[in-house]
Amino acid sequence: MEYNFREVEKQWQQYWAKNKTFRADGDASKPKYYVLDMFPYPSGAGLHVGHPLGYIASDIVARYKRLNGFNVLHPMGFDSFGLPAEQYAIQTGQHPKKTTEINISRYREQMDKIGFSFDWDREVRTSDPSYYKWTQWIFIQIYQSWYNLKTNKAEPVSSLLAMFETDGNGAVRAASEETKIFTAGEWKQFSESEKQSLLMNYRLAYLSEAWVNWCPALGTVLANDEVKEGVSERGGYPVERKRMPQWSMRITAYAERLLNDLEALDWSESMKESQRNWIGKSTGTSLKFEVQNPKAEIEVFTTRPDTIFGVSFLTLAPEHELVEKITTPDQKKAVDEYVAFAKNRSERERQADVKKISGQFTGAYAIHPFTGKQIPIWIGDYVLAGYGTGAVMAVPAHDSRDYAFAKHFKLPIPQVVSGGDISEESYDAKEGKLINSGFLDGLDVKEGIRRAIEEIEKKNLGKGKTNYRLRDAAFGRQRYWGEPIPVYYKDGIPYTLEEKDLPLVLPEIDSFLPTESGEPPLGRAKDWKYKGQYSYETTTMPGWAGSSWYYLRYMDAHNDQAFASPEAMDYWKNVDLYIGGSEHATGHLLYVRFWTKFLKDRGFVKVEEPAQKLINQGMIQGTSCFVYRLDAINTFLSAGLADAFLSKPKNEGITILKQLLASNNITGSEIEAFEKNPTLSKLHADVNIVTNNELDTEKFRAWREEFKNAKFILEDGKYICAGEVEKMSKSKHNVVSPDLVCEQFGADCLRLYEMFLGPLEQSKPWNTNGITGVSGFIRKLWKLYHDASFKFIVSDEPASKAELKSLHRSIKKVQDDMERYSFNTSVSNFMICVNELTELKCNKRQVLEPLAILVSPYAPHICEELWKLLGHSTSITFARFPVYEEKHTVETAFNYPVSLNGKTKFFIELDLSLSKESIEKEVLAQEQTQKILDGKAPKKIIVVPNKIVNIVI
RNA sequence: GCCUGGGUGGUGGAAUGGUAGACACGAGGGACUUAAAAUCCCUUGGCUUCACGGCUGUACGGGUUCGAGUCCCGUCCCGGGUACCA
């Protein structure tokens, strides 16, 4: 009978699950290969066809590597803590744990239908106490560490304490905000609370008063990467700046390493560039400006110290601590007003009118360190409190923002770099000679920067400095559904739990809202105290905590003595191939690198980077379908007819439509109704009732009550929909679920088709139009082994040259494609092979067996079935991936193109195993060649191995 | 602005500097069939020719090369990311 994918696929999926076929085996003699997907957050909407794209690719690689003799680790899990479950809980009262479990089982069911070769025995869930125990444990290690700039790595706090006890902190070089110098003697005199608060400045996880992104609607703090364009990434709510006590991770200590180590990674250039930009290294110098009345010093950071003589004012951020001090009495009112105005503006407002210039003069003046001139001090919200020193030296002639500010407030714009016209805009380029610049005159910019820093350092006005845009990462979240931070407070001092007290389990609470006093939801937990008396930290960890080390847990998922055993980690090392979306460039992928480096420093892991190779799969967009409705009479126009109407002037269009309606049996009264209200609306139709742009009108009528009595005006007997590419989403009715595709065409078809759609990395719209081609391929493959009455047949006769040629060509191509991760061309190559073999009516075992293996990573179900029919014991590991022999055993001779002066003239039969020279000779000896040369001697003969022979006359 | 990836038929897309458009969809034609579905075969970048064939062609303009979609220089578009970062 014809291939029945429904039955076959189900059987194999059950077989694989029952036999745990894909368990990463313990055979340490095999080379390892770790292929990982970014694990999903199990949302309530389930998977659409876009989600499995990356999983299919990784699964193909996993199966391919197994066939090549690798011990493959290919796990899957769930990033199951997160905001949506909690929001849903607030709305419905359903416990997030429950909804999360429901969502996970739905995801699991959907994934199982696609036939992935995940090792489910290693599944991890970040919300599982046995997992987050170790997330908490790692937090404690980070808390108990400091960053030693001398050894350039994290060390336990004990080593720091030892230094304090013997020498104080004078000689300590640490990533820290601590500026107070103390001696060993002083240290010993400090009280416990003083000691702890000093130490806090060194810890890699620390509690401090900090500016945070506060999202009132979500009631929580967000990290910088969770804020996009001034609103929260989840939900799109406004975010404001707020100062509050806050747990943070000192990721800035790792800025340089995170930046430098990017180079050796096999990631896309754009991905690396995103991280570089996010880290935002810039080198320049700090520089102090003196204020005389009252006495104060303003420190600025600049990358252009060469333009120091072009400074015509200073600008401070409105939040700058000196603002209040230096403002003169007569400016006080105006400054206060401005500061209040700036503070009340949300980040979004502030960013939205970047073009609008605002600022206020403080009345104070600073002294130019080289010219001694008085420089007015302004405040302006184009200066950010969080970057550099929160103050800039304004060089309007050579910085576009300073320029705009100066023009607006009519401040002087002295030019100090020649080569640009500054009458209309600033000249920002780092090219030209310095002018009007005292000791810098005549130098070019590069040289000027060097000289200026030299002079600044000599005069002790500042020093060369590197600045990073990267901020420490906010770690506490004022919400429920996350890992509790394993910290309790004694006399107001935070202490971490001991390992034996872990996990600190998330307590049950009766409501997921903040408490009346504004405390996070965990403040509601009753009797939740350490040793019955000390209160716990009530914020929880952010979403990125659990995902920053999960790749390690898969290596040894059930270990309750350690997050993973050293043996397991020694064997699996790190991820060989990581597949996931590019949207994680500045979030997850930075944090997971950070934690890996930390764990390496402290000796818990041996690798410096989590993933050597990264592929970002593109997004699959939806193709929305639109129908056009004449609202007055509930009549739908096929797209072509609607176009004809819409492209005409209104009156003319109505006339055309009236005729059209009349000729389509629409009654006169209805035509009148239409004339009164001639509106044509464009509505989304469910893509699942549209095939090749043709709407199934019966299903459409049944889809919605309001369309029950709809009338349709067709073109060529069909109702055609208009198509448009949009993001796949429920509200646009363009969601295609993988379940449906599996049901209709089979999992193998879905897998092949998703790969066939185009290069993995590219974003592309889902379009089922071409799926019949792939579906046909599967049927053809089946039919290779079956005769006209669908009886299984295979011949033990030796294969013909042509058959072997087709097979070997495909093996070579597919191998090459796999090495390049070019999955789409692989599918094409399968199709060519099957087409050729079909034409040759090949049913030779010698060809069909390797073919089944070759195709199996892509279409595992049908291949397993065929392999079984071929009489072999059934297992996905088959034998080995068929290896193509480089020797020209099959195609020793074939038509070789010969071109004359770059133009292809003819083909000749050549033996490819010959050397270049012999090929040249043979070409010349050919009758055809002599005819073309016509007695002349060729100037040059170029032989391109395997490609072409070129004769130049 | 900066960074990054692109620009190839009606469409999705193939081409380690070597026969551009593989493979698939769509379209057109044909076979089988009472008919439909399914299946199979042929044609399908453009221009030109009755035909064999010829010319032209990978956003545009130059260059390197025996040979360029591919490499180099310049220009124009499109997608993605990102920014008052001093």
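Proteins get letters first, then strands, A, B, ... in listed order; numbering begins at 1 in each.
Spacing between B:rA59 and B:rA20 at atom P, rounded to whole Å, works out to 16 Å. Using P as the reference atom, B:rG61 and B:rU8 are 16 Å apart when rounded to the nearest Å. B:rG26 and B:rA37 are spaced 13 Å apart, taking the P atom of each and rounding to whole Å. B:rG21 and B:rU58: their P atoms are spaced 14 Å apart (whole Å). For the C1' atoms, the distance linking B:rG17 with B:rG28 amounts to 37 Å, nearest Å. For the P atoms, the distance linking B:rG45 with B:rU11 amounts to 13 Å, nearest Å. Annotation: B:rA83 and B:rC76 have their P atoms spaced 26 Å apart (nearest Å). Across the P atoms, B:rG10 and B:rG46 are found 7 Å apart, a figure rounded to whole Å.
The side chain of A:Arg401 contributes an N or O atom lying less than 4.0 Å from OP1 or OP2 of B:rC85. Between A:Gln762 and the phosphate of B:rG12, there is no side-chain N or O to OP1/OP2 separation shorter than 4.0 Å. Distances shown here put every side-chain N or O of A:Thr586 at or beyond 4.0 Å from the OP1 or OP2 atom of B:rU82. Contact annotation: A:Arg276 side-chain N/O to B:rG81 OP1/OP2 distance is not under 4.0 Å.
Close placement of the A:Phe405 and A:Phe313 rings is indicated, their centers lying within 6.0 Å of each other.
Ionic pairing of A:Lys281 and A:Glu256 is present here: one or more N-O contacts between side-chain nitrogen and carboxylate oxygen are shorter than 4.0 angstrom. Using a cutoff of 4.0 Å between basic side-chain nitrogens and carboxylate oxygens, A:Lys812 and A:Asp816 are scored as salt-bridged.
Under 3.5 Å, the side chains of A:Glu299 and A:Thr389 contain no donor-acceptor pair of N or O atoms. Looking at A:Thr252 and A:Asp472, their side chains do bring a donor and an acceptor atom within 3.5 Å of each other.
Among the heavy atoms of the strands, none lies under 4.0 Å from A:Asn829. Nucleic acid contact class of A:Ser268 (heavy atoms, under 4.0 Å, all strands): none. Residue contacts shown for A:Asp402 are absent, as no nucleic acid heavy atom lies under 4.0 Å away. The residue A:Ser270 sits close only to the backbone: its heavy atoms come under 4.0 Å of sugar-phosphate atoms, none of a base.
With rounding to whole Å, A:Gln621 atom CD is found 10 Å from B:rG79 atom C1'. Atoms CG (A:Asn277) and P (B:rU4) sit 9 Å apart, rounded to a whole Å. Atom CG of A:Leu314 is separated from atom C1' of B:rA86 by 12 Å (rounded to the nearest Å). Going from atom CD1 of A:Ile832 over to atom P of B:rA22 covers 10 Å, rounded to whole Å. Rounded to an integer number of Å, the gap from A:Asp306 CG to B:rA86 C1' is 13 Å. Note: NZ (A:Lys764) to C1' (B:rG12) measures 10 Å, nearest angstrom. The distance between atom CG of A:Asn824 and atom P of B:rA22, rounded to the nearest whole Å, is 15 Å. One atom, CZ of A:Phe301, and another, P of B:rA86, lie 7 Å apart when rounded to the nearest Å.
Side chain of A:His368 to backbone of A:Val311: no donor-acceptor contact under 3.5 angstrom is found. The backbone N or O of A:Leu259 sits nowhere less than 3.5 Å from a side-chain atom of A:Gln275 that would complete a donor-acceptor pair. Between the side chain of A:His786 and the main chain of A:Lys791, no donor-acceptor pair closer than 3.5 Å is present. Counting only distance, with no hydrogens or angles, the side chain of A:Ser286 and the backbone of A:Lys463 share a donor-acceptor pair below 3.5 Å.
Checking B:rA15, B:rC25, B:rA24 against every side-chain atom of A:Thr772, the shortest atom distance belongs to B:rC25. Of the listed nucleotides (B:rA14, B:rC85, B:rU4), B:rU4 has the atom at the smallest distance from the side chain of A:Glu269. Which of B:rC23, B:rC84, B:rA14 sits closest to the side chain of A:Pro759 comes down to B:rA14. Set against B:rC25, B:rA22, B:rA86, the side chain of A:Thr303 has B:rA86 as its closest nucleotide. When each of B:rG12, B:rA86, B:rU4 is scored by its nearest atom to the side-chain atoms of A:Phe756, the top-ranked nucleotide is B:rG12.
Take the nearest nucleotide of RNA chain B for A:Glu273 and for A:Ile771: the residue whose nucleotide is more 5' is A:Glu273. Projected onto RNA chain B by closest heavy-atom contact, A:Tyr468 and A:Met831 fall at different nucleotides, the more 5' of which corresponds to A:Met831.
Of the residues listed (A:Met271, A:Met619, A:Gln617), the one engaging A:Ser582 in a side chain to side chain contact (heavy atoms under 4.5 Å, CB included) is A:Met271, and it is the only one.
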Under 3.5 Å between N/O atoms: give me all the protein pairs with nucleotides 36-44 of chain B, atom names plus distance.
{"unit_1": "B:rU39", "atom_1": "OP1", "unit_2": "A:Arg779", "atom_2": "NH2", "d": "2.9"}

Which dot-bracket string fits RNA chain B when only Watson-Crick or G-U wobble pairs with both atom distances under 3.5 Å count, crossing pairs get [ ], and | stands for a partner on a different strand? (((((((..(((.....[....)))((((((.......))))))((((....))))..(((((..]....))))))))))))....
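Summarising the geometry, atom OH belonging to A:Tyr382 is positioned 4.0 Å from atom CG belonging to A:Asp402; distances are rounded to the nearest 0.5 Å.
Applying the salt bridge (Lys or Arg N to Asp or Glu O under 4.0 Å) test to every pair with at least one member in residues 753-771 of chain A, sequence neighbours left out, gives no pairs at all.
Base orientation at B:rG9 is syn, since its O4'-C1' glycosidic dihedral falls within 90° of 0.
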